[in-house]
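Quick note on labels: first sequence line is chain A, next is B, and so on, each numbered from 1. Values below: every heavy atom of this structure, side chains too, minus hydrogens, waters and symmetry copies. Quick caveat: nothing in here was measured; it's all calculated off a predicted structure.
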2 protein chains.
Amino acid sequence: MSDRPHVTLEDVARTAEVSLATASRAINGTTRVRDDLRERVLSAAAELAYTPNAHAQALAGASRRTVGVVCHDISDPYFAALTRGAMRVADRHGLVVMLAGTFADPDKELACVSALRAQRASAIVLTGSAFENRSWERAMAAELEPYRRGGGRVAVVTRHRSLRADTVSPENRGGARAMAEAMHRLGHRRFAVVTGPAHLTTVADRVAGFREALAGLGIELSERDLFEGSFDRDGGREATAALLAAKHKATCVLTVADVMAVGAIGALREAGLSVPDDVSVTGFDDIPLARDLTPPLTTVALPLERLGEEAMELALDAGGGSRGRVRRIPGEVLLRSSTAKPRRRRRS
Amino acid sequence: MSDRPHVTLEDVARTAEVSLATASRAINGTTRVRDDLRERVLSAAAELAYTPNAHAQALAGASRRTVGVVCHDISDPYFAALTRGAMRVADRHGLVVMLAGTFADPDKELACVSALRAQRASAIVLTGSAFENRSWERAMAAELEPYRRGGGRVAVVTRHRSLRADTVSPENRGGARAMAEAMHRLGHRRFAVVTGPAHLTTVADRVAGFREALAGLGIELSERDLFEGSFDRDGGREATAALLAAKHKATCVLTVADVMAVGAIGALREAGLSVPDDVSVTGFDDIPLARDLTPPLTTVALPLERLGEEAMELALDAGGGSRGRVRRIPGEVLLRSSTAKPRRRRRS
DNA sequence: CTGTTAGCGCCTTCAG
DNA sequence: CTGAAGGCGCTAACAG
C-alpha cells in the first residue's frame, strides 16, 4: 500500500474517513462510538495492518505496559526458573517483560537498570545476587532512587536491605545451616566447601550459614576448607579439582549451588571416587534437573519459580506503602542419594 | 528536588541555563558544544539523575535500541542457551532485548510479535519451533509482513520458509537420520521413539529423520512405535511409561530432545531397567547438562548458543538484500554412555 | 457522540 | 557554536 515507514493512526482515520480522535476511541474502546464508524475504523485498521506505536502511547501518558527483569545469566537454571515465574505473573497482568542479562557484570547491571528506567518500565525486578561492594551499592541505590520518585516500582530477590526495595528473601543462611546440620547428623565430621565468588551476597550468606552451623557443632571451617570457583558448573569442577589436589580429607563436600555440585560430582567421579560412597555432595537451590542426576542431588530446595512470581507480584502491587516489605522464603533440606553416612575407612 | 514525575531534558537545560537544544547536543555529543556549557549540562544532568525518555527518543526518530526475542519457555535449557547467544550479540551492539515467553501458545506468540512491533523493536528473533498449522502460519506472516515493510528485520530459528525471513536452520532431519543410523550401526534393530507434540515442526522434522533413516535400513517405524508426550522432561517420562505399559520390545529409545530423554531415563530406571545395559536412550540438542547425567547422554549436539547468535546477527545485519538467507547448522552425533550395543537376550 | 487542539519529551533542521 | 520552532504518533481534555 503506502510507502510510509509506518502505518499511523492518522492513516487509519483517513481511510475510515473519521477524525483522529474517533479512530483512537474506536480502537481503544475508551468511549462509545457509533457502530458503523467503529466498524469502518476497525476494518481500516485491519486492512492496513495497523499497530499502535507503543512509544507514542507511552509518551502520551497512557500505557506503561512493560516491566523489566534483570538477571545475571539466563542460561543458569536458577535464573531461568525465577524469570519464568516473573514472566508468568507479568503475562497474567498483560505486561511485556524486558529481560536484561548482565553476565554478572556490575557495571552492566547498572546500565540495564538505566535502560529500563529510560523505557519507563513500570516495575523492575532485580534477581540474583548483589555484589558485596560499597560503591556499587551506592551507585545502584542512586539509580533506583529517582526511578522510584518517578513512580517506578522495584522489587529484588536476595539483595541488601540497603536498596530499600520490596524484597523476596530466600533463607540462604538458614538453609545452609540446616544442610550442614543434616550432614553432621548423618555422621559427617570432616567438611569442605565448594564455593563461588565471595563478593556475591548469595554465596557469602550460604557460606556463613555453613560456617555458623558447623561452629555450633564444634567444627571450625578454616580458609583451607574453602575452595572457590566461578558460580557455575565449571567453577564447581575446578574448585573440586583444587580440593582433590590439596588432598583434602572431607567426607562431605558442601557446595553453594546445584550447578556447582554438578561440576563437583563430575570432578570427583573422574578422580575415581564414588558419590556418595566415598564422598557425599550437597547442592543448593533444587534446580529442575537436580532430581534427575545420578545420584539424585541432596540439596536445599527453594521454590524457584515462586521466588520470581512473588518478586513480580510485590513489584506490581503498589500497596505496601513505605518501601521495604520483606517476604522470607524458607529452604528445605531434601535428602536424596548424593549423600550418605560416611564410611569408616578414610578415603585417599 | 522537584516533585515532577520525571526529570526531563528541559529541567536539565533550565538548571544549566542553556537552551534545550544545547542540552541535547551536550548529552548526545551530536555536535561540538562549548566546553563550559557542556560541563554545566553534564553536571546538571548528573545532579538531577536525568535519564532520557527512551519513548520520546524513539518517537523523535532517533534511536531504535531494542530488539525482541520470542521463545516458548525460558526455563527450557534449549531456549535458555539460544537466548543467551542472542542476548550476547545484542549486548555487543548496545541493544536491549525484550524477551517474550509464549508458553508454547500460538496466540500468545502472535500477541508477542504484535507487542514487539508496537515497541518498534528494530529486529525480532523467533526461536523455537513453529506450529504446523496453516491458519496460524498465515496469521504470523500477516503480522510480520507489515513489520518488515516498516523497516523491521526478522530472523527465525527452525521455521518454515513460508515466513520468508532469514533463518538459522539446525539440521533436525539430518541429525535425526544420522542418529538412527548410528544406533543401527551399533546393532539395534528394534526402535521406539519418544516424541513431543506432532504439531511442532522441530518434532515433526526429527521424527521424519528417524523414520527416513530406519526405512532406508529396512525398518519401518509404525504408529505403535511412537509415544508422544509434552515437549519436556515430564512428557518424556510419561511417554516412556506408556511405552513400558505397552511392553514395547525396543532395545533403543530415540527421543526428540534431551529434556525428554532425561524423563525417559528416569522412567526406565524406575521400572528397574538399566540404561544402557537393558535399553539405550538417545537425546537431541546437547543441552549443557547432557554430559553430566549418569550415564552421560548420547545425543545430536547442536551449538545452541551459536544458533541464537547467528539468528541475532542475521536479524541485525540489514544486508542480505532479498529476504530469505538460510544458514544451515549441522548437528553432530555424540556417542556417550547412554547407548550401547544391544544385549543378546531380549528384555521383558 | 464526534471533531479540534494541546501537549507528552526529545531531536533536528533552520536561522542567528 | 547556539537558540527557536516543527514534528514524531497518540491520548485526553475541550468544544461542538
**OP:** Starting at atom CZ of A/R65, determine the distance to atom P of D/dC10, rounded to an integer number of angstrom.
**Re:** 16 Å

Subject >> Interatomic distance where CZ belongs to B/R38 and C1' belongs to D/dT2 [whole Å] >> reply: 15 Å

Original post:
Taking atom P of D/dG7 as reference, at what distance in whole Å does atom CD of A/E10 sit?
Top reply: 12 Å

**OP:** Nearest whole angstrom, please: distance from the C1' of D/dA4 to the CG of B/L20.
**Re:** 10 Å

**OP:** Would you name the heavy atoms of A/R120 and B/P52 that are closest together and state the gap between them?
**Re:** NH1-O, 4.0 Å

Subject >> Short side-chain donor-acceptor distance under 3.5 Å, B/R25 and B/T31 >> reply: no

Original post:
Can you find a side chain N or O atom of A/T22 that sits less than 4.0 Å from OP1 or OP2 on C/dT2?
Top reply: no

**OP:** Kindly state which residues belonging to residues 113-123 of chain B come within less than 4.0 angstrom of DNA chain D, counting heavy atoms of the residue only, listed by number.
**Re:** none

**OP:** Could you tell me whether A/L37 contacts a base, only the sugar-phosphate backbone, or nothing, with contacts defined as non-hydrogen atoms closer than 4.0 Å?
**Re:** sugar-phosphate

Subject >> Contact under 4.0 Å: A/S24 side-chain N or O vs D/dC10 OP1/OP2 >> reply: no

Original post:
Between atom CD in B/Q57 and atom P in C/dC11, what is the gap in whole Å?
Top reply: 5 Å

Original post:
Among C/dC10, D/dA13, D/dG9, which nucleotide sits nearest the side chain of A/R25?
Top reply: D/dA13

Original post:
Start at the 5' end of DNA chain D and walk down; is the nucleotide closest to A/A56 or to B/R34 reached first?
Top reply: B/R34

Subject >> B/S19 side chain near D/dG3 phosphate (N/O to OP1/OP2, under 4.0 Å) >> reply: yes

Subject >> For atom CG of A/L9 and atom C1' of D/dA12, their distance in whole Å >> reply: 13 Å

Subject >> Whole-Å gap separating C1' (D/dG3) and CZ (B/R14) >> reply: 16 Å

Original post:
Strictly under 6.0 Å, is that where the ring centroids of A/F103 and A/H72 end up?
Top reply: no

Original post:
Is any side-chain nitrogen or oxygen of A/N28 closer than 4.0 Å to OP1 or OP2 of D/dT11?
Top reply: yes

Original post:
Rounded to the nearest Å, what distance is computed from the CG atom of residue B/L59 to the P atom of nucleotide D/dG6?
Top reply: 18 Å

